[in-house]
Amino acid sequence: MTKANKTPQKQIEPNLNVFLTPVRYLDSPRQQSPSTSHDSNLATCKSRLDSLTKQLEDNYAKWQLAQHRGTAICYAIEAKKTKCLDKSEDERSKTYPDDLILPCNKLAIIASIFGDIANNTKEILRQLKAISKLPGSAGDTIFYRSWKLPQFVAFTKELAERYEQEAVIKRDVAENIAHATERSQLIAYTTFWEFPEHVDSYVHLGFLLLSEEINLKQ
């Protein structure tokens, strides 16, 4: 009886692990930068940021308008009071002429506008801080050109502080200009109003930078 021929068997390499099996790795997904179209939090944040920055710009436009109108009224009050102060004691019938009431009331209303804008800006700041705490990558996202949310927060924080400080000065002028008893006091009050100490050219430059940041060409 002849020995049956056996099929040659491949020798197993001594270092080969028989338990390893081939694994097919899928291509890793491409890393993408955050996009408002794919992240609902970012979309919400961008929408709110658009609204809040628009409010900041609108408020600044209202502030400038009130500033100009108030300056004109201060000059009118100064002129009326100067006529009164220039008269001798015998000629002076009234320290507060009747035609002083209307411009003083108008100035008081304008002064209250500054206070309203200051308060509204503090509310905008509160909302910006809330947006920056949304879950996700909102705080590190550039929504326009180069600013991230912390820069919008910092800008609004300083703006709110400057508005509040200037609003106090405006209120002080509105409450006291009519009570001035000397020409130098009248000039001082008008100057305090006409040349703001806090909402000045620095703030104007800040809004130019903000406008450049958010007004992207489509």
Side-chain angles (χ1 to χ4, degrees), residues 30-75 109-171 173-174 190-218:
R30 181 180 298 176
Q31 296 296 323
Q32 296 181 348
S33 59
S35 171
T36 55
S37 61
H38 297 93
D39 189 326
S40 59
N41 282 338
L42 290 181
T44 300
C45 182
K46 176 62 165 57
S47 176
R48 293 296 302 137
L49 191 56
D50 287 343
S51 174
L52 294 174
T53 52
K54 179 67 165 53
Q55 289 181 50
L56 286 175
E57 291 188 313
D58 289 346
N59 282 342
Y60 184 56
K62 292 177 183 177
W63 184 286
Q64 290 179 304
L65 181 59
Q67 166 67 29
H68 294 315
R69 288 180 175 175
T71 299
I73 294 174
C74 283
Y75 273 111
I109 293 173
I110 291 177
S112 69
I113 292 175
F114 294 116
D116 292 341
I117 293 175
N119 290 333
N120 182 256
T121 304
K122 286 190 286 187
E123 172 59 21
I124 292 174
L125 174 61
R126 186 194 67 78
Q127 293 185 42
L128 284 173
K129 288 180 177 179
I131 289 175
S132 65
K133 294 178 182 178
L134 285 174
S137 57
D140 295 322
T141 300
I142 296 174
F143 290 98
Y144 302 102
R145 293 182 183 274
S146 62
W147 288 16
K148 296 180 181 180
L149 273 175
Q151 289 170 282
F152 286 98
V153 171
F155 172 82
T156 308
K157 182 176 183 294
E158 182 175 4
L159 180 65
E161 292 171 352
R162 287 175 172 270
Y163 275 161
E164 187 170 24
Q165 291 171 322
E166 196 65 46
V168 171
I169 295 175
K170 301 299 190 189
R171 184 173 65 247
V173 172
T190 302
T191 302
F192 286 150
W193 188 292
E194 185 176 9
F195 302 100
E197 179 181 355
H198 304 287
V199 184
D200 51 9
S201 57
Y202 176 81
V203 172
H204 182 67
L205 175 60
F207 272 98
L208 290 178
L209 295 175
L210 176 66
S211 179
E212 181 71 17
E213 172 69 23
I214 65 179
N215 293 326
L216 299 176
K217 294 182 178 180
Q218 301 298 327

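Please read all numbers here as calculations on a predicted model, not as lab measurements.
How far CG of Leu56 is from CG of Leu210: 6.5 Å, rounded to the nearest 0.5 Å. Atom CG in Leu128 sits 6.5 Å away from atom CG in Leu49 (nearest 0.5 Å). How far CD1 of Ile124 is from CG of Asn119: 11.5 Å, rounded to the nearest 0.5 Å.
Between the Ser47 side chain and the Ala43 main chain, no donor and acceptor come within less than 3.5 Å of each other. Checking side-chain atoms of Asn120 against main-chain N and O of Asp116 turns up no donor-acceptor pair under 3.5 Å. Side-chain N or O atoms of Ser112 include one that pairs as donor or acceptor with a backbone N or O of Ile109 at under 3.5 Å. A donor-acceptor pair is defined here as one N or O able to donate and one able to accept, closer than 3.5 Å; such a pair exists between the side chain of Thr71 and the backbone of Gln67. In terms of modelled atom types and a separation under 3.5 Å, the side chain of Ser132 and the main chain of Lys129 share a donor-acceptor contact. A donor-acceptor pair is defined here as one N or O able to donate and one able to accept, closer than 3.5 Å; no such pair exists between the side chain of Asp200 and the backbone of Pro196. Using modelled atom types, one side-chain atom of Glu213 and one backbone atom of Trp147 make a donor-acceptor pair closer than 3.5 Å.
One finds no salt bridge joining Lys54 and Glu57 here, because no Lys/Arg side-chain nitrogen approaches an Asp/Glu carboxylate oxygen to under 4.0 Å. Using a 4.0 Å cut-off between a side-chain N of Lys or Arg and a carboxylate O of Asp or Glu, Glu158 and Arg162 qualify as a salt bridge.
Ring geometry, Trp193 versus Phe114: the interplanar angle exceeds 60°, so the pair is classed perpendicular (tilted spans 30 to 60°).
Here Glu194 pairs with nothing under the salt bridge (Lys or Arg N to Asp or Glu O under 4.0 Å) rule; sequence neighbours left out. With sequence neighbours left out, the side-chain hydrogen bond (donor to acceptor under 3.5 Å, both in side chains) criterion links Asp50 to Lys46, Tyr144.
Listed here is the closest heavy atom pair of Cys45 and Ile131: SG-CG2, 2.9 Å.
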Could you give me the CA-CA distance, side-chain angles and deciding distance for Glu161 and Gln165, then say whether side-chain hydrogen bond (donor to acceptor under 3.5 Å, both in side chains) is met?
CA-CA 6 Å; Glu161 292 171 352; Gln165 291 171 322; over 6 Å; no
